[in-house]
Amino acid sequence: MMRKPLNLQGWLLKLAAVLTGLFMLMPLLAVIPVSFTPKRFLSLPKGDWSLRHY
């Protein structure tokens, strides 16, 4: 049984795509929790959650 040679360029392209996707999604980790605050201005909710900004 013969193995395929390691395709380093393909792996680097996949790694770059995954890292780019994660970089693009990271702001959601901050924006989504902040959007559920019950206050008039956006801030992190402290116990109270609201759909006011939706």
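The residues of the chain are indexed from 1 along the displayed sequence.
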Trainee: Cluster partners of Leu28, using ILVMFWY side-chain heavy atoms under 4.5 angstrom, listed by chain and number?
Mentor: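 Grouped by the 4.5 Å side-chain rule, Leu25, Ile32, Phe36, Trp49, Leu51, Tyr54 form the rest of the cluster around Leu28.
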Trainee: Tracing side-chain links under 4.5 Å among I, L, V, M, F, W and Y, which residues wind up in one group with Leu19?
Mentor: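 Leu19 clusters with Leu15.
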Trainee: Are side-chain heavy atoms of Lys39 and Arg52 found at a separation under 4.5 Å?
Mentor: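 Side-chain contact under 4.5 Å: no.
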Trainee: When Gln9 is tested against each of Leu12, Leu13, Asn7 for side chain to side chain contact (heavy atoms under 4.5 Å, CB included), which residue passes?
Mentor: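 Testing each of Leu12, Leu13, Asn7 against Gln9, the sole residue satisfying side chain to side chain contact (heavy atoms under 4.5 Å, CB included) is Asn7.
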Trainee: Can you tell me which residue pairs pass the side-chain hydrogen bond (donor to acceptor under 3.5 Å, both in side chains) test with a partner in residues 12-24, sequence neighbours excluded?
Mentor: none
